[in-house]
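Step one of this worksheet: look at the structure below.
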Amino acid sequence: MAFDPAVIDSKWQARWELDGLHKVLDDDPRPKWYEMTMYPYPSGDLHIGHWYAMAPADAHARFRRMQGYNVLHPIGFDAFGLPAENAAISRGIHPYEWTISNIENMRRQLRSLGAIYDWDREVITCQPEYYRWNQWFFLKFFEKGLAYRAKAPVVWCPSCQTVLANEQVLNGACERCGTEITRRDLEQWFFKITEYADRLLDFSGLEEWPDKILSMQQNWIGRSEGVEISFDISAVGLDEKEIRTFTTRIDTLFGVTFVVLAPEHPLVPGLTTEDNQQAVDEYISKARQTSEIDRLASDKEKTGVFTGSYAVNRINGERIPVYIGDYVLTTYGTGAVMGVPAHDSRDFIFAQKYKLPIRIVIAPIEWNGQDVSEAYIGEGFMTNSGAYDGMTNEEGKTAIAIDLEKKDWGSRTVSFRIRDWLISRQRYWGTPIPMVYCGSCGVVPVPEADLPVLLPQDADFTPTGESPLAANEDFVKTTCPKCGTAARRETDTMDTFMDSSWYMMRYLDPHNAKDPSNSKLLQKWMTVDQYTGGAEHAVMHLLYSRFFTKGMHDMGLVEYDEPFLRLFNQGVILGADHDKMSKSKGNVVNPDDFVGTLGADAVRCFLMFIGPWDQGGPWSDVGINGTARWLNRVWDIVARDASSLDTAATNAEMVRDTNRLLHQTVRKCHSDLDRFRFNTAIAALMELTNHLNKVWADSSVDSKTWDGCTEKLLLMLAPMAPHMTEELWEMKGHPYSIHQQDFPTWDDDLAAEDVITLVLQVNGKVRDKIEVSANIEESEAQALAMASPKIQGFVAGKSVVKSVYVPGRLVNVVVN
RNA sequence: GCCGGGAUGGCGGAAUGGCAGACGCGGCGGACUUAAAAUCCGCUAUCUUAACGGAUGUGUGGGUUCGAGUCCCUCUCCCGGCACCA
């Protein structure tokens, strides 16, 4: 029978579904293994990138199942978000219709890859059964004080007409549409992720996360220890008597020659004197006009303007000018900095431009007292620093901080780069925030019993800058849950990262109408043992869901406090031209084209064979033929009737060699699949296949050996090529299903070589190779090396200094 | 600028400090075929040699070692992330 992948794929996909082979039972006695892959956005088409993320993940989950685990490997759809709304705007389709029809199509495509998804556990985030729990969690976080409303300068995308989270800004542009962002002051809902900053930096609860992701999270959180130090402005005569600044270099306090405020700093109007009013106004309006990209460019010229006021540096009583400069960010620290030009490169440039004094207070090594041509950032001894002179700057840091705290002029604090998580979106296609604004009671949460707050079917999707829900009177008009008088609903919706912060819980109990998930099931299944997905979610989804989990943990909702124990990031699949796939480059690969002709197994295996999964790599239209050819060869080999093998040609040595290779292959395959090294696992299986082809040609093994090899070959290949192996398994008369069998085991003794190639070197260069027994003694190996004519040729006329013996490997004769 | 990761044949890639290039693609030659496709077999780093063989070879330059693709230092380039964060 010829191998016809199209027939076999659909035959088994139908059979598995009919039999509920992928149904995951909660009361299964085997140990659990929860392996999740990041759920896709239902864009409508399953492209090769999805396959690259999902097929190897499925193979790994299948491997765990064959190792005896009860494996949960679920799938769902990240179904809220802007593209649905954009489709509604451009094509007049309702976001719900668009999303659901996309999901239907993608379900069909997902089935074609033959994964072990239990579809009864599917999660679709845009359905009220799901998003009501977003609202429920929101209320919990609100109760706990972790959700709050504040007016804040938020990032705004003029094209998407919505605020964005800081994480959605790339180089000053909207991550989605690339439009340059602007800033707006709006009342927004936030989650207090900053309160968890220190705990999020503690990675001790994680096992096997890529270092890259940990360092990205670390950078994103951006913890820095320093001192908040005040400068006295009581002489100006305002209510506010000081300017607070944050510095990590308090050791340079005696080098402060000016103070700079961010243009948005609240003290700016008060500190600006009449003479300087015009210049300051002009500067600020110019700063406003400057685009975010320009303002954030670090190589930009440092500009500023003098306010006319002075502050006093209390440590030495010096009067220093107060400037405004847009290189100071309002969003970090206190929005004001002390200017130490000698020891900060930005301050140095600023001081040069405005002719401000530059005073060295940390002496560089071998400093001759001369002026410096750039800021000195390094270590050194304190100088020009009064009583602190002579200390190392590290000693000075501590000493000054302690003294400032004694005098109440400052205190040691920690500053974070991370901002609170902005939840609000001025968009329709998301979870309504369950809050009500009452004229007399203020902000009132919707009672749990009234959830879900349903997203109304009808809305005007045209972006106006306000949530489309605001124009929907039926939605907006409500009564206050507290006092019963007329009130207005919150019309913003939630960031979709809310959905993905807890979806791992919902897979366990997707139809639960009483709770987001059942506590017993959470106890059984959580934490997720293995999570796989793209590295692009390093500081958004992965950080948010860690925060969310810790918040839930503190509220007593869950017992674990990390959602994902192990993380693996697959690389990016590139076009055949080694470029990123994109429609404009015309290098996009449609998996359906190959699945239809070569079969799902060939596509799966090729994606795994390209190279290490975490590296990604280029697709190849011709390369996949090699994988398809190999699967054909496997088919051909396994389908053969082995009884013709039992002839006089059977060779005991070849039988032993064949069994040895089999056991070596099982060992290698096992350890490779364990670590996501699919490419080398498949290479090992190919080697076994090649060997089998050889022994078949000369009938050198008996049928028992042959059948043993082909049976184990099928079992090892099953996680990667589930359809074909199932068909062959049945054809060979084994009991259904191959996917319920154990992964083969190996015997180290049988895998051990008994003859090895001993490499003979002279001065580290290979000169000869001889076959010897694997348990050869050193003395014998040395003697054989010296006896080799080739070695003798290279040693002749020289004196042997020594001879290194590496057991089982080589002899290296060192001569001079 | 800072933090990660990387650079190995024509291509994708493989190598616990110990035979560099497994496995696959492509190419070349052969078998089968009227022919082609498919399939099967063999060869395939570079230079040199009639051949046996020899020399060179893992981005650059140095170092450690009996021995380095692998460890250490320097530099170059590529990819990813962060970037006026005080």
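FYI, side chains are in, hydrogens and waters are out, and symmetry mates aren't considered; it's all heavy atoms of this structure. Below, read A as the first sequence line, B as the second, and so on, with proteins coming before strands; counting in each chain starts at 1.
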With rounding to the closest Å, how many angstrom separate the [atom1] atoms on [N] and [M]?
{"N": "B:A45", "M": "B:G27", "atom1": "C1'", "result": "14 Å"}
{"N": "B:A20", "M": "B:C75", "atom1": "C1'", "result": "25 Å"}
{"N": "B:G13", "M": "B:C19", "atom1": "P", "result": "23 Å"}
{"N": "B:U58", "M": "B:G9", "atom1": "C1'", "result": "10 Å"}
{"N": "B:G29", "M": "B:G80", "atom1": "C1'", "result": "45 Å"}
{"N": "B:C11", "M": "B:G26", "atom1": "P", "result": "15 Å"}
{"N": "B:G12", "M": "B:G67", "atom1": "C1'", "result": "30 Å"}
{"N": "B:A22", "M": "B:A14", "atom1": "C1'", "result": "5 Å"}

Nearest-neighbour nucleotide for the [X] side chain, [options] considered:
{"X": "A:Met216", "options": "B:A14, B:A86, B:G81", "answer": "B:G81"}
{"X": "A:Phe794", "options": "B:C19, B:C84, B:G54", "answer": "B:G54"}
{"X": "A:Trp220", "options": "B:G24, B:A83, B:C19", "answer": "B:A83"}
{"X": "A:Glu687", "options": "B:G12, B:A22, B:U39", "answer": "B:A22"}
{"X": "A:Asn693", "options": "B:A20, B:C23, B:C41", "answer": "B:C41"}
{"X": "A:Arg767", "options": "B:C23, B:A55, B:A86", "answer": "B:A55"}
{"X": "A:Arg633", "options": "B:U56, B:C40, B:G42", "answer": "B:C40"}
{"X": "A:Val328", "options": "B:G12, B:C23, B:A86", "answer": "B:A86"}
{"X": "A:Lys302", "options": "B:U39, B:C84, B:A86", "answer": "B:C84"}
{"X": "A:Arg417", "options": "B:G42, B:C82, B:U56", "answer": "B:C82"}

Rounded to the nearest Å, what distance is computed from the [atom1] atom of residue [X] to the [atom2] atom of nucleotide [N]?
{"X": "A:Gln570", "N": "B:G80", "atom1": "CD", "atom2": "P", "value": "16 Å"}
{"X": "A:Ile573", "N": "B:G12", "atom1": "CD1", "atom2": "P", "value": "14 Å"}
{"X": "A:Leu542", "N": "B:G80", "atom1": "CG", "atom2": "P", "value": "19 Å"}
{"X": "A:Ile624", "N": "B:C11", "atom1": "CD1", "atom2": "C1'", "value": "17 Å"}
{"X": "A:Phe678", "N": "B:G13", "atom1": "CZ", "atom2": "C1'", "value": "17 Å"}
{"X": "A:Ile610", "N": "B:C11", "atom1": "CD1", "atom2": "P", "value": "17 Å"}
{"X": "A:Asp579", "N": "B:C79", "atom1": "CG", "atom2": "C1'", "value": "12 Å"}
{"X": "A:Lys769", "N": "B:G53", "atom1": "NZ", "atom2": "P", "value": "11 Å"}

| message | Quick check against the 3.5 Å criterion: does A:Arg604 have a side-chain atom that pairs as donor or acceptor with the backbone of A:Ala721? | response |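 No; zero donor-acceptor contacts below 3.5 Å.
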Check nucleotides 66-72 of chain B for protein N or O atoms closer than 3.5 Å to its own N or O atoms and list the pairs.
from  : atom 1 : to       : atom 2 : distance (Å)
B:C66 : O2'    : A:Asn812 : ND2    : 3.3
B:C66 : O2     : A:Asn812 : ND2    : 2.5

| query | Who is the Watson-Crick or G-U wobble partner of B:A36, with both distances under 3.5 Å? | reply |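 Because no pair has both required distances under 3.5 Å, B:A36 counts as unpaired.
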| Pairing of A:Asp344 and A:Arg249 as salt bridge, 4.0 angstrom limit |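 Between A:Arg249 and A:Asp344 there is no salt bridge, as every charged N stays at least 4.0 Å from the carboxylate O atoms.
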Taking distance alone, no hydrogens or angles, what donor-acceptor pairs closer than 3.5 Å link side-chain atoms of residues 575-582 of chain A to residues at least two apart or in another chain?
from     : atom 1 : to       : atom 2 : distance (Å)
A:Asp577 : OD1    : A:Asp579 : N      : 3.1
A:Asp577 : OD1    : A:Asn587 : ND2    : 3.0
A:Asp577 : OD2    : A:Asn587 : ND2    : 3.4
A:His578 : ND1    : A:Ala576 : O      : 3.3
A:Ser582 : OG     : A:Ser584 : OG     : 3.2
A:Ser582 : OG     : A:Lys585 : N      : 3.3

| If the sugar-phosphate is the primed atoms plus P, OP1 and OP2 and the base is the rest, what is the B/S/- string for nucleotides 2-8 of chain B, using protein heavy atoms under 4.0 Å? | -SS----
| Test item: A:Val340 and A:Phe258 side chains (from C-beta on) under 4.5 Å apart, heavy atoms |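 Not in contact.
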| Aromatic A:Trp613 / basic A:Arg677 pairing, under 6.0 angstrom, 45° off normal |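 No, A:Arg677 does not sit over the ring of A:Trp613.
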| field | Parallel, tilted or perpendicular, as decided by the 30° and 60° cut-offs, for the rings of A:Tyr323 and A:Phe350 | value |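 A:Phe350 and A:Tyr323: perpendicular rings.
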| said: A:Phe606 and ring pair (Phe, Tyr, Trp, His ring centres under 6.0 Å): which single residue from A:Phe678, A:Trp619, A:Trp51 fits? | reply: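 Considering A:Phe678, A:Trp619, A:Trp51, a ring pair (Phe, Tyr, Trp, His ring centres under 6.0 Å) with A:Phe606 is found only for A:Trp619.
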| Short side-chain N/O contact to B:C52 OP1/OP2 from A:Lys790, under 4.0 Å |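 For A:Lys790, the contact criterion (side-chain N or O under 4.0 Å from OP1 or OP2 of B:C52) is not met.
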| From A:Met608 atom CE to A:Leu673 atom CG, the distance as rounded to the nearest 0.5 Å |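 These two atoms lie 9.0 Å from each other.
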